[in-house]
Every structure is written in C-alpha cells, then in structure tokens.
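Hydrogens, waters and symmetry mates play no part in the numbers below; they use all other heavy atoms, side chains included. In this chain, residues are counted from 1 in sequence order. On a predicted model such as this, the values are computed, not experimentally measured, just so you know.
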Amino acid sequence: MLMEETGKAGPFASFVRRWRRQVPLGLLFWRDMIVIGSALNLALAFAGLMALGFKADLLVSILVFHAALPYNFFIVGAIWRRADLVDAAKASSARFGAVLWLVAATVL
C-alpha cells in the first residue's frame, strides 16, 4: 500500500515519491542518477565482464551488463517529469544531462 494510505513507508515508497515529483530535482539528478545510478551501472558492468571471464554464456553476460536499464529509464523519466516544476533553464539543463547520462550509461 502507499505511504499516504497507511502512514507507513512501503517497499516501493521511494519510487512512488520520485514518480509523483515529491523529491527535489537536485537530489534526483545528483544523488539518484549520478551517484547511485553510475555506481549501479559500474558494478553491473564489472559483473557482466566477470561473467565473461568465468566463461558464462554471452547472453547471460549481456543481461547482467544491462540489468540496470529499468532503473536508468525510471530515473531519467522521473527527472524529466520533475523538471516541469522548475524554471526553464534549470529544466533544460537537467533534461539534457539526464539524456546524455542515459546514453553514456547504456552504450558504455
């Protein structure tokens, strides 16, 4: 159940808050995308390369390597939605940075 209905934080409450634009844009951009998202992508890229090193199937390695894609798309979507509530210059900078990060995280 949602936090507003029960008064408690459910397992997906942080995702719900981000999607409902209740988290500041700076926090979404710098902490959730740059720090957490980049660390998650680096860890999974390393795990995917390690799977190749341990002679795992190529498909398994690719799946591990790209396992963070749902989070990446979610956080970029949340930033895109939250940018509607700030001034135009900050919104366009955040959106451009988020899309640039998404491309870099997906390709690299």
Side-chain angles (χ1 to χ4, degrees):
M1 298 187 97
L2 296 176
M3 191 168 46
E4 293 82 14
E5 294 174 1
T6 63
K8 294 186 263 183
F12 299 107
S14 65
F15 290 103
V16 171
R17 287 184 56 238
R18 280 151 181 75
W19 194 251
R20 289 185 176 173
R21 304 175 191 174
Q22 296 171 346
V23 176
L25 182 61
L27 192 67
L28 277 173
F29 188 87
W30 292 108
R31 188 189 70 184
D32 293 350
M33 187 180 72
I34 299 296
V35 175
I36 295 172
S38 296
L40 180 65
N41 282 301
L42 285 173
L44 288 171
F46 181 72
L49 291 174
M50 289 293 292
L52 273 179
F54 287 121
K55 308 286 189 226
D57 190 28
L58 180 62
L59 180 62
V60 171
S61 298
I62 290 172
L63 289 175
V64 169
F65 188 85
H66 291 294
L69 277 178
Y71 177 80
N72 294 348
F73 283 115
F74 169 78
I75 203 66
V76 168
I79 288 170
W80 198 273
R81 287 171 48 87
R82 183 62 171 95
D84 287 340
L85 304 178
V86 297
D87 62 281
K90 190 182 275 190
S92 62
S93 296
R95 286 177 174 155
F96 178 74
V99 170
L100 189 65
W101 176 86
L102 179 64
V103 169
T106 302
V107 174
L108 303 177

According to a hydrophobic-cluster definition based on side-chain heavy atoms being under 4.5 Å apart (Ile, Leu, Val, Met, Phe, Trp, Tyr only), do Val23 and Ile75 belong together?
yes
What's the spacing between Arg17 CZ and Leu28 CG if we round to 0.5 Å?
9.5 Å
Sidechain-backbone polar pair: Arg18 side chain, Ser14 backbone, donor-acceptor under 3.5 Å
yes
Name all residues meeting the salt bridge (Lys or Arg N to Asp or Glu O under 4.0 Å) criterion together with Arg31; count only those two or more places apart in sequence or in a different chain, and write none if there are none.
none
Sub-3.5 Å donor-acceptor pair from the side chain of Asp57 to the main-chain atoms of Val60, do we have one?
no
Rounded to the nearest 0.5 Å, what separates atom CZ in Arg82 from atom NZ in Lys90?
9.0 Å
Nearest heavy-atom neighbours spanning Ser38 and Trp101
OG-NE1, 3.0 Å
Is there a path from Val35 to Trp30 through hydrophobic residues (I, L, V, M, F, W, Y) whose side chains come within less than 4.5 Å of each other?
no
For Arg21, does its backbone N or O pair with a side-chain atom of Arg81 as donor and acceptor, under 3.5 Å?
no
Using the test ring pair (Phe, Tyr, Trp, His ring centres under 6.0 Å), find all partners of Trp19 that sit at least two apart in sequence or belong to another chain.
Phe74
For a quick test of reading the model, state the closest non-hydrogen atom pair linking Ala83 to Ala91 and the distance between them.
O-CB, 3.2 Å
What heavy-atom pair brings Ala98 and Val76 nearest, and what distance separates the two atoms?
O-CG2, 3.6 Å
Are Leu27 and Ile79 co-members of a hydrophobic cluster defined by side-chain heavy atoms under 4.5 Å apart?
yes
Distance in Å, Ser61 OG paired with Phe54 CZ, rounded so as to fall on 0.5 Å steps:
11.5 Å
Within one Ile-Leu-Val-Met-Phe-Trp-Tyr cluster: Met33 and Val99, side-chain cutoff 4.5 Å:
no
Closest heavy-atom pair, Leu44 versus Val64, reported as atoms and distance to 0.1 Å, is CB-O, 3.6 Å
If we ignore hydrogens and angles and just use 3.5 Å, is the side chain of Ser92 paired with the main-chain N or O of Ala89 as donor and acceptor?
yes
Using a 4.5 Å cut-off on heavy atoms from C-beta on, say whether the side chain of His66 contacts that of Asn72.
no
Under 4.5 Å between side-chain heavy atoms, hopping through other hydrophobics if needed: is there a path connecting Leu102 to Ile36?
yes
Is there a side chain to side chain contact (heavy atoms under 4.5 Å, CB included) between Asp32 and Tyr71? Walk through the geometry before answering.
CA-CA 10 Å; Asp32 293 350; Tyr71 177 80; 3.8 Å; yes
Side chain to side chain contact (heavy atoms under 4.5 Å, CB included) for Phe65 and Leu52? Distances and angles first, verdict last.
CA-CA 10 Å; Phe65 188 85; Leu52 273 179; over 6 Å; no
